[in-house]
Amino acid sequence: MLDLKFIRENPELVADGMRKKGEGIELREFLEIDEKRRMIIQEVEELKRKRNEVSEEVARLKKKREDATSIIEEMREVSKKIKDLDGELSKYEGELKGLLLSIPNMPHESVPVGKDDTENVEVRRWETPRNFDFEAKAHWDIGTDLDILDFERASKISGARFAIYKGLGARLERALITFMLDLHTKEHGYFEIYPPYLVNSDSMTGTGQLPKFGEDMFKCTGTDYYLIPTAEVPVTNLRRDEILNEDELPTYYVAYTACFRSEAGAYGKDTRGLIRQHQFDKVELVKYVKPETSYDELEKLVANAEEVLKRLKIPYRVTLMCTGDLGFAAAKKYDLEVWMPSYGRYVEISSCSNFEDFQARRANIRYRPTGGGKLQHVHTLNGSGLAAGRCFAALLENYQNEDGSVTIPEVLIPYMGVDRIG
RNA sequence: GGAGAGAUGGCCGAGUAGGUUGAAGGCGAUCGCCUGCUAAGCGAUUAUAGGGGCUAAACCUCUAUCGAGGGUUCGAAUCCCUCUCUCUCCGCCA
């Protein structure tokens with residue numbers, strides 16, 4: 001959510017930012033409603049001031065046991081008028097709030113302008129993809145042949161876009177998650193959170209999934225609960241409506257959760273394998289920081305996520321999203337992409353974003369500067385560190401051997417107890 | 001699921017036979033004083049949001065806010081209704 005005053009005073013800037021993100025929202029209606037709202041506020045507050053004065057006068061008269069019926073009579077009218085105006089006002093405020101919640105965040109000045117993912121910018125690459133001197137298999141074939149993945153039975157018990165991890169496959173998924181959590185908590189200074197997987201609509205609004213992207217999520221019928229699409233939602237909302245002390249910043253959280261996405265509108269995409277599932281595991285990094293440090297913190301966050309792939313020794317690259325591919329809430333976003341032999345290209349495995357105060361304003365997360373001063377919104381950031389399912393897939397493909405077995409990366413052997421599968 | 005109790009400022013905690021209570025008191029914090037250092041002490045300050053004034057900040061002023069939403073009333077933290085959450089007891093249960 002942007003600051004109302006900022007939009008009022010810089011409509012051109014905001015329109016420009018929305019254009020760069022590819023959003024065609026018209027600000028004129030917004031500004032008109034804001035104008036009407038302020039006029040009513042002036043009128044109704046004047047009446048309330050009068051009412052307050054007269055009420056005190058009534059109290060004085062009654063104390064002296066004098067008659068007050070005439071001014072009470074008069075105030076009855078005023079009160080009715082106030083009620084009407086208040087009703088009108090809340091109508092406009094509702095509309096304004098609705099529009100405010102649907103205006104995207106502004107892109108940071110360091111973000112390249114572009115229309116879609118074809119204009120993202122590659123920032124760096126790590127290691128070169130391996131050359132196979134045999135026919136490399138896709139992870140769904142490797143996993144099925146080793147009997148550590150079972151897609152057929154998953155579709156029987158649930159449906160399309162689900163997977164069952166079996167035996168050493170289940171253990172590998174768990175090993176990846178534990179390895180990532182250990183790395184981030186023990187070496188990168190993150191505090192571990194294990195949050196609920198079901199959250200209410202206020203939380204979904206706080207991080208920006210609602211009101212615009214309800215279709216992408218699973219909602220529990222007859223309740224206000226949504227299955228989380230990412231741990232970003234419960235963890236960023238952890239401090240919703242709270243005031244932090246400055247010395248609490250920066251705060252780093254890491255959380256493992258399952259994630260649930262309806263993948264509406266993605267029917268033809270990535271239909272095989274683990275890449276696009278309704279349920280997947282992810283370790284998520286979330287930061288609350290002071291505004292002046294948030295861009296440094298973003299670089300550190302990306303480096304923390306990259307460290308996972310470096311230790312697993314899986315080739316990857318980092319890309320900077322252009323304005324058109326930034327998404328609704330982010331001001332700046334990097335993606336980590338792993339090399340996926342079956343795709344013959346790099347595939348997204350992590351998304352690291354700085355939301356500046358966009359989420360903090362929606363979720364009302366502020367901090368009190370030490371030594372006084374006005375409350376300020378914190379800046380929030382998050383990034384996958386990493387998506388475990390896609391990591392699993394990349395690992396199988398990049399570590400496969402000619403005989404169909406899969407070598408376990410060195411850092412995972414302590415967690416696996418074996419050095420290969422198959 | 002049944003029965004009861006509760007929700008007040010950054011925190012703790014007063015205040016309900018409706019009328020200067022934005023809200024006592026305490027803690028914490030900030031500034032100043034005192035002090036060989038520390039500790040203690042003394043004084044002052046200390047909510048948020050939204051309007052309006054001001055080029056703007058500072059500042060001034062108004063309005064709102066005592067879990068949320070509605071109602072009664074000239075006037076509600078205080079009365080009524082609905083909802084949410086927390087706690088206690090019972091039942092059930094992983």
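Each chain gets a letter, A, B and so on, in the order its sequence line appears, and its residues count up from 1. Since the model is a prediction, treat every value here as computed from it, not as a measurement.
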C1' atoms of C93(B) and G4(B), separation to the nearest Å | 22 Å
Whole-Å P distance, G6(B) and A94(B) = 34 Å
Report which part of the nucleic acid Val58(A) touches: base, sugar-phosphate, or nothing (heavy-atom distance under 4.0 Å, all strands).
-> base
In terms of ring plane angle, is the pair Tyr190(A) and His188(A) parallel, tilted or perpendicular, where the classes change at 30° and 60°?
-> perpendicular
Tabulated below should be each protein N or O lying under 3.5 Å from an N or O of nucleotides 61-67 of chain B; please produce it.
residue, atom, partner, partner atom, Å
U63(B), OP1, Asn52(A), ND2, 3.3
A64(B), OP2, Asn52(A), ND2, 3.4

Tell me, what's RNA chain B's dot-bracket, Watson-Crick or G-U with both distances under 3.5 Å, | for other-strand, [ ] crossing?
-> ((((((((.[[[..)...(.....]]]((((((.......))))))(((((((.....))))))).[[[[[..)....]]]]])))))))....
Please say which of Glu246(A), Glu297(A), Glu248(A) ends up in a salt bridge (charged side-chain N to carboxylate O under 4.0 Å, His left out) with Lys290(A).
-> Glu246(A)
Can you tell me, in whole Å, how much space there is between the C1' of C37(B) and that of A56(B)?
-> 46 Å
With under 30° as parallel and over 60° as perpendicular, where do the rings of Tyr256(A) and Tyr197(A) fit, or are they tilted in between?
-> perpendicular
Tell me what Leu375(A) touches on the nucleic acid: a base, only sugar-phosphate, or nothing, going by heavy atoms under 4.0 Å.
-> sugar-phosphate
Looking only at side-chain N and O atoms, does Arg38(A) come under 4.0 Å of OP1 or OP2 in G52(B)?
-> yes
Under 4.0 angstrom, heavy atoms only, what part of the nucleic acid is Glu56(A) near: base, sugar-phosphate, or nothing?
-> nothing
Rounded C1' spacing from A5(B) to U63(B) in Å = 35 Å
Side-chain heavy atoms of Ile157(A) within contact of Ile164(A), under 4.5 Å | yes
On a whole-Å scale, what distance lies between the P atoms belonging to C87(B) and U82(B)?
-> 23 Å
Look at all strands and tell whether Lys83(A) reaches a base, only sugar-phosphate, or nothing, counting heavy atoms closer than 4.0 Å.
-> sugar-phosphate
Span that lies between the P atom of G67(B) and that of C12(B), in whole angstrom | 14 Å
